[in-house]
Number of protein chains: 4
Amino acid sequence: MARKPPTTPRKNASQERSRATVDALVEATARILVKEGFEKASTNHIAEIAGVSVGSLYQYFPSKEALVAAVIERHNEEIMNVVRAAFAEVADLPIEKAVRRLVTVAIEAHHIDPNLHRVLAEQIPRSGHLAEVEAYSHEIHALVRTYLERHRKEMRKLDPALAAFMCVSTIEAIAHNTVLNGEMLSEKMVKVLVDETTRLVVGYLK
Amino acid sequence: MARKPPTTPRKNASQERSRATVDALVEATARILVKEGFEKASTNHIAEIAGVSVGSLYQYFPSKEALVAAVIERHNEEIMNVVRAAFAEVADLPIEKAVRRLVTVAIEAHHIDPNLHRVLAEQIPRSGHLAEVEAYSHEIHALVRTYLERHRKEMRKLDPALAAFMCVSTIEAIAHNTVLNGEMLSEKMVKVLVDETTRLVVGYLK
Amino acid sequence: MARKPPTTPRKNASQERSRATVDALVEATARILVKEGFEKASTNHIAEIAGVSVGSLYQYFPSKEALVAAVIERHNEEIMNVVRAAFAEVADLPIEKAVRRLVTVAIEAHHIDPNLHRVLAEQIPRSGHLAEVEAYSHEIHALVRTYLERHRKEMRKLDPALAAFMCVSTIEAIAHNTVLNGEMLSEKMVKVLVDETTRLVVGYLK
Amino acid sequence: MARKPPTTPRKNASQERSRATVDALVEATARILVKEGFEKASTNHIAEIAGVSVGSLYQYFPSKEALVAAVIERHNEEIMNVVRAAFAEVADLPIEKAVRRLVTVAIEAHHIDPNLHRVLAEQIPRSGHLAEVEAYSHEIHALVRTYLERHRKEMRKLDPALAAFMCVSTIEAIAHNTVLNGEMLSEKMVKVLVDETTRLVVGYLK
DNA sequence: AATGAATGAGCCTTCATTCAT
DNA sequence: CATGAATGAAGGCTCATTCAT
């Protein structure tokens with residue numbers, strides 16, 4: 001172990017192939033979900049679109065549900081990366097600036113793949129993935145709460161958990177509805193919405 | 001009941017029976033959706049629970065989708081009745097009082113049949129009835145907007161459509177999340193949430 | 001209810017149809033088992049041979065296993081009818097005569113549908129039908145034991161359960177092997193086998 | 001082991017490895033058949049348990065059936081070794097002693113691996129290996145017949161083939177049923193059964 | 001030779017819908 | 001109009017076997 005040859009740790013070919021297959025499957029599932037809807041997302045069809053056999057699908061995913069879960073996971077992870085970064089970036093900013101930034105990020109995050117976002121929002125509750133999804137929800141609540149506690153002095157007296165609930169619900173709803181209403185996606189409109197939401201939230205906290 | 005006039009213009013028997021059958025079917029669908037989940041809501045099962053034959057089901061509903069649509073319709077109509085009444089009741093109240101009342105009603109409305117509400121929220125998008133549901137959404141926006149325009153003088157200058165969007169999104173989200181979080185349904189907690197939401201919205205409008 | 005019309009209690013048509021469908025399915029299963037083997041007995045194929053849709057198959061049998069069970073049941077019942085009748089007929093005969101008759105019947109019973117018998121003998125253990133099959137086995141043991149106890153005086157002293165075990169094992173094995181060896185099925189040969197088996201068993205009991 | 005000659009003519013390494021692989025595969029198949037049942041005996045699973053890749057499995061066995069055949073072969077060979085030895089040992093003993101010994105051996109042989117025995121008894125017919133198994137059956141019949149012919153003088157007049165058929169059927173059935181009935185496996189019970197079966201057979205032959 | 005990813009025919013089962021009675 | 005038996009397309013999944021590495 002210690003004398004491992006200095007050669008590049010080249011992952012063996014098969015590992016790469018596996019990875020490619022898995023990716024193709026998740027990607028195919030997402031594409032079908034978006035373009036054809038949940039009903040059309042049969043395992044056979046997914047495999048076909050992924051350019052893979054059904055057998056291979058089941059080599060990597062124990063069930064159809066697992067595939068959907070992977071899509072959800074991937075999407076949520078993408079969003080959470082943006083969100084986590086935003087909170088890091090905002091940690092020391094005063095409320096007004098922080099909220100403005102977070103609202104912007106929320107809307108942007110919902111933009112990442114709006115159609116997929118919509119489909120997942122609809123399908124998630126069905127599959128038993130509530131737990132995982134709620135984990136993300138909890139994480140967000142925690143991030144908000146932490147921020148609020150750090151900036152307690154800038155705000156009126158307020159239960160942090162409650163305040164977090166109010167803020168998250170509000171910001172998320174507006175971001176969500178904004179994305180759902182294709183009409184509101186003009187750059188100008190987004191700017192207005194960010195302003196308004198910031199006002200709404202900051203007004204509430206102060 | 002006893003003094004019912006003996007000459008009731010009883011709609012011909014078959015018409016009454018039809019009505020009863022339709023009701024039984026819609027009711028059975030709703031019950032199954034709530035108690036057994038969407039997966040178990042097969043037409044055969046629905047017919048069975050409704051105490052009717054599958055054939056009869058298809059006599060009254062051209063497809064399974066039509067049945068689900070009817071359930072959605074019924075549920076939304078129930079909610080909208082409450083909501084419309086609330087707006088009528090609130091039309092002349094000052095903002096603070098009106099908002100408080102509307103928030104309360106929103107949470108109550110989400111309570112009407114929380115499980116059904118949840119299931120429908122999940123299934124609606126899938127069943128292509130978004131359009132109809134959006135009609136209700138539009139109606140609500142219109143009601144809010146109308147109220148806001150009537151009370152323009154009590155508020156800062158604000159685009160009514162925009163304000164309506166903000167208010168509806170916010171109130172609905174909080175009501176929705178409140179119901180989803182079984183934990184928040186204590187009477188005391190609801191009171192707090194009403195207070196907070198009112199403050200949030202009123203603060204924004206003023 | 002009391003004044004039920006005197007008309008013949010004609011089973012309604014659908015009941016007859018159901019019965020016909022069920023019969024066709026069981027028969028088709030048996031035929032396939034015999035002619036094509038267990039592997040080929042897929043539900044779709046069974047339905048096809050029965051001239052019925054798969055859907056109908058599942059209307060009457062909850063699973064493939066249930067169908068096989070029905071075939072087994074039917075076959076066993078056929079055999080047991082013969083066997084029960086034989087025991088009734090033989091109850092008061094002296095050992096020698098009784099054994100001769102029972103051996104004859106055993107071989108005849110294995111003849112009822114030799115190919116099916118063979119296939120089932122092979123398949124039965126697989127499916128969890130051991131219980132039911134063992135019930136028949138128990139019944140036979142009980143019948144033998146009862147006979148032996150009634151005729152105790154004609155025999156040497158012997159534990160009835162043990163004697164029943166020996167007799168049943170022996171007679172059944174010979175009947176079974178006789179049927180499996182197509183060669184032994186000449187009328188003459190059967191006669192010899194009956195003689196020999198009777199001698200074997202009676203010699204043991206006396 | 002220690003004094004093994006240093007110049008062991010070790011078969012070239014690959015040959016030894018082959019042998020080991022083949023053994024591992026047959027062993028794995030047997031184990032799975034016994035512990036997990038026929039349904040679970042997929043080639044992939046067998047390979048896995050054998051610690052070998054599926055590819056290798058197909059290097060040594062052209063099909064799954066071939067593997068099962070090998071297991072059957074191995075088991076039967078094991079049993080036949082015992083049986084052949086018994087016949088050799090018994091060749092010159094008088095009927096009574098011989099039969100007693102053979103019955104004992106038959107029960108013992110069925111004990112060698114009762115679970116495997118049971119599974120194979122179920123699966124053999126399905127896997128088209130009846131022919132090979134029947135070869136063993138023939139061998140046993142021949143052994144019995146040979147013994148009987150050598151001891152003709154101790155017996156009444158009797159067709160040797162017929163007598164062999166009767167004896168083999170009887171002894172085998174009792175041994176088989178004894179093993180199937182776990183309850184009968186007490187040492188005491190086995191003793192009784194050997195006594196009884198011996199009496200049954202000897203009584204028949206004399 | 002060994003590996004194990006890939007294949008795909010085919011199995012069991014469900015369910016929306018139709019239609020003879 | 002009601003009934004419910006019948007339909008059959010389609011779905012999820014398994015597994016013996018192949019083949020590129």
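Throughout, protein chains are lettered first and strands after them, A, B, ... in sequence-line order, and every chain is numbered starting at 1. Remember, predicted model here, so these are calculated numbers, not experimental data.
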Only counting residues at least two apart or in another chain, list the ones meeting side chain to side chain donor-acceptor pair (under 3.5 Å) with A:Ser53.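 Once residues adjacent in sequence are excluded, the partners of A:Ser53 under the side chain to side chain donor-acceptor pair (under 3.5 Å) criterion are A:Ser56.
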Apply side chain to side chain donor-acceptor pair (under 3.5 Å) to D:Asp113 and list each qualifying residue two or more places apart in sequence or on a separate chain.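 Counting only residues at least two positions away or on another chain, D:Asp113 forms no side chain to side chain donor-acceptor pair (under 3.5 Å).
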With side chain to side chain donor-acceptor pair (under 3.5 Å) as the criterion, how do D:Ser18 and D:Tyr60 come out once you've worked through the C-alpha distance, each side chain's angles and the decisive distance to 0.1 Å? CA-CA 8 Å; D:Ser18 291; D:Tyr60 296 107; 3.1 Å; yes
Could you spell out the base pairing of DNA chain F as a dot-bracket line? Use Watson-Crick and G-U wobble contacts where both distances are under 3.5 Å, [ ] for crossing pairs, | for partners on a different strand. .||||||||||||||||||||
Would you please confirm or rule out a distance under 4.0 Å between OP1 or OP2 of E:dG4 and any side-chain N or O of A:Gln59?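 Negative; the distance criterion is not met.
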Can you tell me if B:Ser53 touches the phosphate of F:dG4, counting only side-chain N or O atoms and a distance under 4.0 Å to OP1 or OP2?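 No, because none of the side-chain N or O atoms of B:Ser53 sits under 4.0 Å from OP1 or OP2 of F:dG4.
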First locate atom [atom1] of [X], then atom [atom2] of [Y], and finally report the distance between them rounded to the nearest 0.5 Å.
| X | Y | atom1 | atom2 | answer |
| --- | --- | --- | --- | --- |
| D:Leu116 | D:Ile72 | CG | CD1 | 9.0 Å |
| B:His45 | B:Lys40 | NE2 | NZ | 7.5 Å |
| D:His75 | D:Leu33 | NE2 | CG | 11.0 Å |

side-chain contact (heavy atoms from CB on, under 4.5 Å) with D:Glu78: which residues, sequence neighbours excluded?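 Once residues adjacent in sequence are excluded, the partners of D:Glu78 under the side-chain contact (heavy atoms from CB on, under 4.5 Å) criterion are D:Ile112.
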[X] [atom1] - [N] [atom2] separation (whole Å):
| X | N | atom1 | atom2 | result |
| --- | --- | --- | --- | --- |
| D:Phe38 | F:dC15 | CZ | C1' | 12 Å |
| A:Tyr60 | F:dC13 | OH | C1' | 17 Å |
| B:Leu25 | F:dA2 | CG | P | 10 Å |
| B:His45 | E:dT13 | NE2 | P | 20 Å |
| A:Glu48 | E:dA6 | CD | P | 17 Å |
| D:Ile46 | F:dA16 | CD1 | P | 7 Å |

Option among D:Val68, D:Val71, D:Ile46 that satisfies the side chain to side chain contact (heavy atoms under 4.5 Å, CB included) test with D:Val26: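 So, applying the side chain to side chain contact (heavy atoms under 4.5 Å, CB included) to D:Val26 and each of D:Val68, D:Val71, D:Ile46, only D:Val71 qualifies.
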Does any pair with a residue in residues 23-34 of chain C pass side chain to side chain donor-acceptor pair (under 3.5 Å), and if so which ones, sequence neighbours excluded?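 For residues 23-34 of chain C, and leaving out neighbouring residues, the side chain to side chain donor-acceptor pair (under 3.5 Å) pairs sorted by first residue read C:Glu27-C:Arg74.
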Contact string for nucleotides 15-20 of chain E, one letter per nucleotide 5' to 3', B = base within protein heavy-atom range under 4.0 Å, S = sugar-phosphate only, - = neither, reads BBBB--
